[in-house]
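Below is one structure, written out as structure tokens, with a few remarks after it.
Letters A, B, ... are given to chains in the order of the sequence lines, protein chains preceding strands, and every chain is numbered from 1.
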Amino acid sequence: MISIALLSIMGIAAMLTPREQWAPVIRGLAIVTGLAGIIAVQMDGYFQVFGFRVTQLSNIWATVIIALLIIFLMVVPRSQAVHRLRNDHIALLLFSTVGALILARFNHFITLFLGMEMVSIPMYVLAAQTHSRRSIEASLKYFILGATATSIMTFGAALWYRSSLSFDIPGPVVTQPIGLIGIVLIICALAFKLGLAPFHFATPDLYEGSPTSFVGYMSSISKVAAAIAFFKVGTLFPSDSWMQIISIFAVSSLVVGSFGALRQQSVKRLMGYSSISQAGFWVILMFNSPISAYFGFAYGLASLLLFWVIDCVEEKTHSHTLTGLLEQDTLLGITAIISLISLTGLPPFAGFFGKYNSLTVVIDNGHWRLLAVVLAASIIGASYYFKIIFQIMSPPESSCKLHVPFLSKCEIIKI
Amino acid sequence: MVTDTMSSIFLYMILFLPLTGWLLASLLRRTTHRIVIWITCATVLGSFITSLIISPKLLDGMVCNAKLINWLSLPGYRFSLGLMADKLTLLMMVMITGVGFLVHMYSIGYMADDREKNRYFSYLNLFIFFMLFLVMSDSLIGTFIGWEGVGLCSYLLIGFWNTSPANIAAASKAFIMNRIGDIGFMVAMGVLLAAISTLNYSEIIAHLPDLLTQPTILFVVTLGLIIAVAGKSAQFPLYTWLPDAMAGPTPVSALIHAATMVTAGIYLVSRLSVLFYAAPYSAINLLWMGIATAFIGGVAAVVQFDLKKIFAYSTVSQLGLMVIALGLGQVKFALFHMLMHAFFKALLFLGSGNIIHALHGEQDIRNMGGLAKSLPFTATAMGIGALAMMGLPPLSGFYSKDAILEVATHHAGISYLLIILSCLTVFYLSRTLYFVFLGTPRMSTVTPHEGTLSMQIPIAILGFLAVVGGWITHNLFLAPGIEISHLQLVITSLVIIGVIAPMGFAWAKRQLHDHENSPRVWSFFEILYDTFAVKPYLYLSRMLSIHFERQVAAAFNGFAQIASVASWGIVRLQTGSIGSVVLFMVVAIALILLTVLGKFI
């Protein structure tokens, strides 16, 4: 709990610091606080107070979250639009992270609600920071849909309470229909936060419209937080219903994400759809949480780095096409290629183990139809990730747009 | 089994110094050549010295182990990579790093005018790392990683001068031919994994009693490995890539395509020799494969006019001889010959590098001649190398070759085959020497001169080893139990050399006399391969591309079209209007509720 307190105090301090010149100092302090937070997490024993339950698993989650925050703060956000990281940006990021930490440890609906809103509300603000029409539209849409989701969640909680007379998560497994309706509503709201189809509609717009620096944060830390909540609420379901829910979300996300990404022109929007597909893989892992923590870190890190690269490119060239990046800036190019290969799920990199474990879960449980979808999604995923890699490695002078006609023959054979 | 920290550290140093060299060289690609050359040479030398430091321990019969990583664990299987060093590994390590260092040093002079020196040296270091990994791994899987790695480096270095399409074609050919062998390797690994669920060398050997009860599995495993050996060590059906591999820089041919990489197959068989000798038919397969290879290589070398290709075919032939020794059950003799071959063949290649360097890229021996006068040092060195290879007592080749010959006398017909083979060797070598060094100069304009000091020192060292190497090391390989009747063999060798060498000279003279009349001499086997392998292959691939590949492509395009339509539909869903999105969400929730609560209705 010391880590939550530390980050909150740091957030308040950042918010109250009047001078903009101090922003680099504040950022440095935030990184130091994060490191202290990680140490504090390691020193926390396992205990339980009202609303919170600290276990080994929750500590792993908390470490992942803070580690991602530190990495995010270290790779400088430098969007054109957000000329530099301001004090209040840092404060918002810290508050949002505190929300994520709460989500790592909640054992009560009230703390779930609190954490979820603490993660989300700073996102609404950060999404609008470009002050462009697109950015404000994305933020507003995300806000309205987010509010809808929250209200659905609250309504679901009421129904759930009526049947089980308890707000404990994990609590007794719900079997009555009325309670089941309640937790399905909660799960649907959380699926929205995680960006799962069919509740994915805000995601592509959000990824495209928001300042690129913050998309890195949204695609990593807030996703990890939502995934934890999703997993924990899932323990309330009877196991057969839980499997049904997971299959529905996994199949629809994999289909929507993969096919949606296939025709996108802009890297950011493509990554939006790809995040839906990745969430599909992730949700399959919800049977087995420690692995899903690992997946969270692998995925979060890869997309954080990729958005950092896009951000750097945007700053230099005022556009986010990555064509010819490898020749112009070898380091950025290699980083992007490694992130993309990791997202594709090829062996030497972290992403492989995540995908490998999802496949194992599916095979062990014998869901052969789901397996077919997962495999198809992986193949299509490879095709669009490799399209970006191809662009990065192609020579800069051929200023071909992100996408030539459409999946030309050679591309699909390359898979 | 020893895992003490000191020897682990030594093993890590031996393995990772060249890798560090490669990393630094790649990172400092843009800096001056001098730094890169220093780094790469120093790391390989360091690796060599470390191997020497650890050698007394290993010669005492100790086996050192060092852990690397747990690579992958699947239910029932664990693949961990580790290092292991014993006498066999020591031999390979010393040979790889020693010859490797000499070739690095030689390359400083040879590649002096090349603008991409840094790339060249970094590839060389990467090659040495992978080759060391191949021989130091404690499991087949690690060896396979090294096996693929050296294949890659060989590809990169054959095609090093990548502006000429012919070089790239040669590089691709080497790579593809090796892939055929790799399939054998992978099949062997798969079968072994299915049978005893381990690929660790010591565990495989511990499981030998189990395997002995399943001769079919043992046969398939060894057959797969023999195919792999045929690919990497250029044996009979798959040897054709090696002569083409001469497109690379000459020092590379000396290091990779004569002394080290092509001996990987010999190493593999030696490492698992108990498996090969326990399996039905494997030894005899090796024996016949070796005989076929040795003869094809020897015959082809007789009719070649390209200096490097002569030595390439000669390498093929000598590798065949090593495989014959393996087939006869004499692992030690095969290794002995491998080491001696590394000395004299590297010497011959570096010598021909000198000649090619002096003649500015000329490789056709018909355009040489009389070079003994202008290049006396190279002529002496190559003369020594050739004599060692012919088996003149007491040079290095005599010990190893005649040890094999001695064993063969117990196998009636084979000893005669080997004597014929020796005659062939003497014949093509003397022919080559006549063409290059004797007679009248036939060069167009250039005045040849010897290379720099950094090119001469490695040649001098190798020449020294080619002379005394056999005498120094023969006690290590020839067990005291086996008596070699020296006198008889000495006489045989002298007679062979005395009789055949003049014949070689005479034939060379005659060829020179009428070489204007026959512009291109086709080797019998080239014609054979062209009619029976290359043309049918091209025909098959053309037919496949016309009838099959288009269908496949059409099928793929069909999938792509379906994906495209689906993608269009999904993107259409994204209308951007909040009202419709919320409506959609509500419908989705209703549907999910219906699915989950279906059982209550």
Exercise. Shortest non-hydrogen contact from A:Cys188 to B:Ile592?
Worked result: SG-CD1, 4.1 Å
Exercise. Under 6.0 Å from the CZ atom of A:Phe155, do we count more than 12 heavy atoms belonging to anything else shown?
Worked result: no
Problem set entry | Side-chain touch B:Ile578/A:Phe201, heavy atoms, less than 4.5 angstrom | no
Problem set entry | Between A:Thr148, A:Leu140, A:Leu180, A:Ile187, the one whose heavy-atom pairs under 4.5 Å with chain B are most numerous | A:Leu180
For this session: Could you tell me whether the side chain of A:Leu145 reaches within less than 4.5 Å of the side chain of B:Met585, counting heavy atoms only?
Result: yes
Exercise. For A:Phe237, does the CZ atom have more than 12 heavy-atom neighbours from other residues, nucleotides or ligands under 6.0 Å away?
Worked result: yes
Problem set entry | Which atoms of A:Ser247 approach chain B - backbone, side chain, both or neither, heavy atom under 4.5 Å | neither
Exercise. Of the non-hydrogen atoms in B:Leu593 and A:Ile181, which two are nearest, and what is the gap between them?
Worked result: CD2-CA, 3.8 Å
Seminar exercise, completed: d(A:Ile245 CD1, B:Thr595 OG1) to nearest 0.5 Å is 8.0 Å
Exercise. Does B:Phe16 CZ have over 12 foreign heavy atoms under 6.0 Å away?
Worked result: yes
Seminar exercise, completed: Applying a strict 4.5 Å limit to non-hydrogen atoms, the region of A:Ile248 in contact with chain B is side chain
